[in-house]
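Before any comments, here is the structure.
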Amino acid sequence: MLAQSDPIVGIQGLNKWFGALHVLNDIDLTVASGARVVVCGPSGSGKSTLIRCINGLESYQEGVLRLAGTTLGHKARETAAACRQTGMVFQSFNLFPHLTVLGNCTLALRRVAGKTRSEAEDIAMAHLEKVRIPEKARSYPGQLSGGQQQRVAIARALCLNPRIMLFDEPTSALDPEMIKEVLDVMVALARDGMTMVCVTHEMGFAREVADEVVFMDGGSILDRAPARDFFSASGHPRSRLFLETILRH
Amino acid sequence: MSLFDIWLGILKGVGTTAAVTAYGLLFAVPFALGFGVAQYLTVGVARLLVTAVIEFWRSSAVIILLFVFYYALPVFGISLSAWTVSAMVLGLNAGGYASQAVRAGLQALPSGQKEAGAALGLSRPAILFLIELPQALVAMSPTFVNTVIQLVKATALVSLVTLSDMTFRAKEIAQVEYNPVAIYTALLLAFFVVCYPIALAGRWLEARIAAPGSRAGGI
Amino acid sequence: MGFDPAFALSCVPTILSAIGTTLLVAAVSCFGAATIGFLFEMARRIGGIAGMASGFAIDFIRSTPVLIWLYFLYFVLPFYGIRLGSMTVGIMGLSLYYSGYLAEVFKAGIDAIPKGQPEAARALSLSRRDTVIYVIAPQMMRNIAAPLGNYFVSILKATPYLAVLAVPDMLGRAFDIASETYRYAEPLVVAGLIFLALALLISYGVKRLERRLLAGGTR
């Protein structure tokens with residue numbers, strides 16, 4: 001078991017290439033238990049690839065990525081066990097269209113955690129209550145709005161009781177009026193003490209909940225600062241420029 | 001007979017196969033364009049009639065159509081040569097399939113295209129011929145290539161109504177030489193060397209159309 | 001001698017009595033084609049030598065006429081001492097021929113599943129096996145239901161080819177009547193109309209199914 005002070009994620013000298021493209025360049029990042037890290041940067045900066053490395057969706061070529069005490073990519077069984085400690089929310093929701101909301105939430109509980117159907121449904125309903133959408137348990141994803149789907153996706157990821165939640169631009173595919181309902185759920189999750197790494201351009205969210213903001217460009221981390229410093233005038237010039245660009249909208 | 005002789009004997013029929021295909025295309029292409037566009041443009045009873053004609057040619061079993069027109073037309077006092085019957089039946093059957101590609105290609109165009117044409121003061125026929133069809137034809141060209149392949153393959157049927165195509169030649173050889181493996185393998189290969197290059201060309205066309213930045217522009 | 005409607009009507013029971021044979025041949029062939037086609041597609045996905053061989057086999061089958069495949073099996077199998085009933089041979093031929101097309105249906109059905117689906121399954125730590133059973137397969141089934149139904153109609157329309165191998169299907173019965181009475185028009189027209197009606201009926205059912213699947217379309 002890890003001591004509470006040990007970081008959940010420890011990344012040192014991480015490098016990744018897609019063919020000739022150097023998508024992650026010497027990344028160092030530590031995420032302590034209970035920390036809330038927001039990763040931002042222009043598109044193509046490698047931020048999505050970075051968090052997809054954290055739960056093993058992407059492999060890496062150089063460096064060390066330790067997740068929950070295990071170095072990912074060495075031993076398949078241990079890697080899989082460590083990745084089970086993560087929950088992930090995607091930009092495009094990726095709910096399973098042929099399953100109901102409840103079916104989406106209970107699938108991994110039954111197949112991975114070995115729960116019975118009724119145990120799984122109890123757990124799933126509790127999480128659906130948390131994201132305030134229990135009444136849609138029997139609906140199919142296609143019958144829900146984008147905001148509702150994303151809240152279900154969050155509940156689905158929470159069901160396996162992860163120690164860290166990864167968000168990959170969770171509000172980018174949403175209409176403006178639906179962004180708030182998703183952000184509210186994420187803020188509530190942060191208040192509950194969940195460890196979170198969140199790729200997002202929602203700077204209001206970052207200001208409200210982030211302990212630390214990481215700015216990436218061209219596959220490198222250019223700036224890392226506590227949230228209040230990041231938004232003050234003292235930040236890195238490149239991240240200032242980026243902030244000005246997105247805040248103007 | 002050597003394998004080579006068998007192959008040569010079968011290829012004697014390639015002219016007939018090619019001729020029936022070409023003759024068939026004379027029926028298929030006008031039918032596909034005419035009825036595809038008509039189905040797109042018409043409404044109500046007119047559309048029902050157009051659809052009925054298309055469905056007759058498309059949904060019937062082509063081998064039965066061939067026999068029906070070969071044996072039944074003379075009963076109605078219409079005598080057509082085996083060539084014409086074959087080309088018409090195979091052509092209109094293929095044309096029926098292709099007409100659906102024409103209609104779907106037209107329907108898939110964003111309605112803004114038609115509206116933009118109207119806003120420029122173009123007449124309806126001008127919009128159809130200058131704006132809609134050119135775009136739709138590009139989009140459906142791979143389907144047309146497939147139709148040609150289907151037509152070539154369907155010509156094997158004309159051997160059943162006395163035309164001496166490749167299949168007919170193969171059966172002739174089979175009567176004097178008991179070597180079914182060589183004969184029918186050669187026949188399969190003969191069709192393969194005709195159809196496969198067409199299929200590859202169709203695939204190339206499809207990839208070109210799908211490629212971003214192609215002249216057709218993201219269809 | 002003209003077309004005799006009364007005689008045509010009298011042909012209906014005899015021809016219709018073979019509808020069971022036609023439907024059985026179509027259903028078994030469709031099942032066989034789906035099974036072989038699925039194996040082809042799986043082999044193609046595995047890649048390597050098996051994948052290339054499978055891809056070539058699919059292209060080869062699609063470039064050659066169904067009639068030749070029927071002849072091939074009908075004449076070549078006995079050459080090797082394999083004697084099967086003509087209906088069995090016919091079903092084998094249709095299964096083999098349409099497997100080339102159904103392989104493409106499976107390919108499209110799998111390719112249409114967004115990349116995010118297996119990713120989400122991995123993010124939930126589902127095993128590969130569970131991902132296939134609970135995430136990929138159900139979505140693939142929904143994607144292929146309508147095309148599979150359409151190919152069933154195609155196979156149904158190809159069953160009269162088996163009359164060429166002397167299988168007593170509906171077209172075979174029509175030819176029986178024709179050779180007894182020397183009247184070809186009436187039995188052939190009746191057989192053609194029955195096939196057309198069957199094809200339209202099943203196509204309509206498939207379209208309804210497709211619409212229902214799209215309405216439940218939950219993405």
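Proteins come first, then strands; the chains are lettered A, B, ... in the order of their sequence lines, and each starts at number 1. Side chains are part of it too, since the values below use all heavy atoms of this structure and drop only hydrogens, waters and symmetry mates.
- Here the CG-CZ distance, from A:N94 to C:R122, works out to 13.0 Å after rounding to the nearest 0.5 Å.
- In this structure the side chain of C:R142 reaches within 4.5 angstrom of the side chain of A:P97, judged on heavy atoms.
- The neighbour count for C:I49 CD1, taken as heavy atoms of other residues, nucleotides or ligands under 6.0 Å away, does not exceed 12.
- If you measure heavy-atom distances from A:R52 to chain C, the contacts under 4.5 Å come from the side chain alone.
- Counting heavy atoms of neighbouring residues, nucleotides and ligands inside a 6.0 Å radius, atom CZ of A:R132 exceeds 12 of them.
- The environment of OH in C:Y204 is sparse: at most 12 heavy-atom neighbours from other residues, nucleotides or ligands sit within 6.0 Å.
- Formation of a donor-acceptor pair under 3.5 Å by the C:Q117 side chain with backbone atoms of A:L95 is found in this model.
- For A:L160, the part sitting under 4.5 Å from any heavy atom of chain C is the side chain, from C-beta outward, and nothing else.
- For the residue pair A:A108 and C:L124, the shortest heavy atom distance occurs at CB-O, 3.7 Å.
- Atom CZ of C:R45 has more than 12 heavy atoms from other residues, nucleotides or ligands within 6.0 Å.
- Listed by first and then second residue, the side chain to side chain donor-acceptor pair (under 3.5 Å) pairs involving residues 66-90 of chain A are A:R66-A:T71 (not counting sequence neighbours).
- Here the side chain of A:H98 pairs a donor or acceptor atom with the backbone of C:Y134 at under 3.5 angstrom.
- Scanning both residues, C:A120 and A:F90, for their nearest heavy atoms gives CA-CE1, 3.7 Å.
- In C:F79, the CZ atom is crowded: over 12 heavy atoms of neighbouring residues, nucleotides or ligands sit closer than 6.0 Å.
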Take C:V135 and A:L107 through the side chain to side chain contact (heavy atoms under 4.5 Å, CB included) test and state the conclusion after the steps. CA-CA 10 Å; C:V135 178; A:L107 180 60; 4.0 Å; yes

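- The shortest side-chain heavy-atom distance between A:V112 and C:L126 falls under the 4.5 Å cut-off.
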